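Please read these numbers as outputs of a predicted model, since none were measured by experiment. Atom set for the values below is all heavy atoms of this structure, side chains included, hydrogens, waters and symmetry mates excluded.
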Amino acid sequence: MTQLDLQARKLNLIQDIINTIDNEELMSRLEAAYKRLKKSASPAAKRPCTYTLEEVEERLDEAVKAANEGRIYTTNQVREQLKVWQQK
């Protein structure tokens with residue numbers, strides 16, 4: 001798609017919105033949907049998981065603390081718990 005085609009599609013969409021929106025509720029719903037769509041299309045949203053170095057260090061500290069306090073589960077314990085949950 002050329003830049004000109006994209007521009008034409010955007011203008012058509014805008015014109016359609018102008019001609020269609022006739023009440024406050026519909027406008028509010030459209031704005032909310034657009035914000036969600038725009039947020040999900042951002043480059044940061046495409047990465048599965050991003051943390052700053054400080055956040056990584058904080059999470060690591062929390063994990064070490066939990067391990068030292070015995071707040072951990074083995075893989076086998078988790079698997080057994082999943083079996084119980086699946087039976088319910």
Side-chain angles (χ1 to χ4, degrees):
M1 175 180 305
T2 67
Q3 189 64 27
L4 193 57
D5 292 334
L6 182 59
Q7 192 69 15
R9 287 182 65 189
K10 290 191 295 187
L11 289 172
N12 284 337
L13 178 61
I14 292 167
Q15 189 64 44
D16 189 44
I17 291 169
I18 290 169
N19 293 333
T20 304
I21 302 295
D22 60 356
N23 65 58
E24 180 64 31
E25 180 189 357
L26 187 56
M27 184 66 196
S28 294
R29 291 176 63 195
L30 181 62
E31 286 173 329
Y34 173 70
K35 287 176 184 176
R36 282 192 309 272
L37 189 64
K38 186 177 172 184
K39 184 177 180 181
S40 71
S42 72
K46 293 182 191 292
R47 290 177 268 174
C49 183
T50 58
Y51 298 102
T52 65
L53 182 57
E54 292 80 18
E55 290 170 327
V56 171
E57 290 172 347
E58 182 179 321
R59 291 172 64 93
L60 180 58
D61 290 341
E62 290 173 11
V64 169
K65 181 180 176 186
N68 289 339
E69 293 173 356
R71 294 184 291 124
I72 58 173
Y73 298 95
T74 66
T75 303
N76 288 336
Q77 288 172 316
V78 172
R79 286 183 179 146
E80 288 301 315
Q81 199 61 256
L82 283 172
K83 287 179 188 176
V84 170
W85 291 342
Q86 289 173 345
Q87 292 174 358
K88 290 183 178 183

Enquirer: I'd like to know whether CD of E25 has more than 12 heavy-atom contacts from other residues, nucleotides or ligands below 6.0 angstrom.
Expert: no
Enquirer: Should the pair E80-K83 be classified as a salt bridge under the 4.0 Å nitrogen-to-oxygen rule?
Expert: yes
Enquirer: Could you check if a side-chain atom of R36 sits within less than 4.5 angstrom of a side-chain atom of S40, using non-hydrogen atoms only?
Expert: no
Enquirer: Distance check, rounded to the nearest 0.5 Å: R29 atom CZ versus I21 atom CD1?
Expert: 10.0 Å
Enquirer: Evaluate T52 against E55 for side chain to side chain contact (heavy atoms under 4.5 Å, CB included), listing each step before the verdict.
Expert: CA-CA 5 Å; T52 65; E55 290 170 327; 3.2 Å; yes
Enquirer: Using 0.5 Å steps for rounding, measure from the CG atom of N12 to the CD1 atom of I17.
Expert: 11.0 Å
Enquirer: With rounding to the nearest 0.5 angstrom, report the CG to CG distance, L11 to L6.
Expert: 9.5 Å
Enquirer: Should the heavy atoms of other residues, nucleotides or ligands under 6.0 Å from CG of L4 be counted, would the total exceed 12?
Expert: no
Enquirer: Measure the spacing between CD of E58 and OH of Y51 and express it to the nearest 0.5 Å.
Expert: 11.0 Å
Enquirer: Using every non-hydrogen atom in the two residues, find where L26 and T20 come nearest and quote the distance to one decimal.
Expert: CD2-O, 4.3 Å
Enquirer: Within a reach of under 6.0 Å around CD of Q3, are more than 12 heavy atoms found that belong to other residues, nucleotides or ligands?
Expert: no
Enquirer: Distance check, rounded to the nearest 0.5 Å: Q86 atom CD versus L82 atom CG?
Expert: 6.0 Å
Enquirer: Taking all non-hydrogen atoms of both residues, which atom of I72 and which atom of Q77 are closest, and how far apart?
Expert: O-OE1, 4.2 Å
Enquirer: I'd like to know if the side chain of E69 and the backbone of A66 have a donor-acceptor N/O pair within less than 3.5 Å.
Expert: no
Enquirer: From I18 CD1 over to L13 CG, what is the distance, rounded to the nearest 0.5 angstrom?
Expert: 10.0 Å
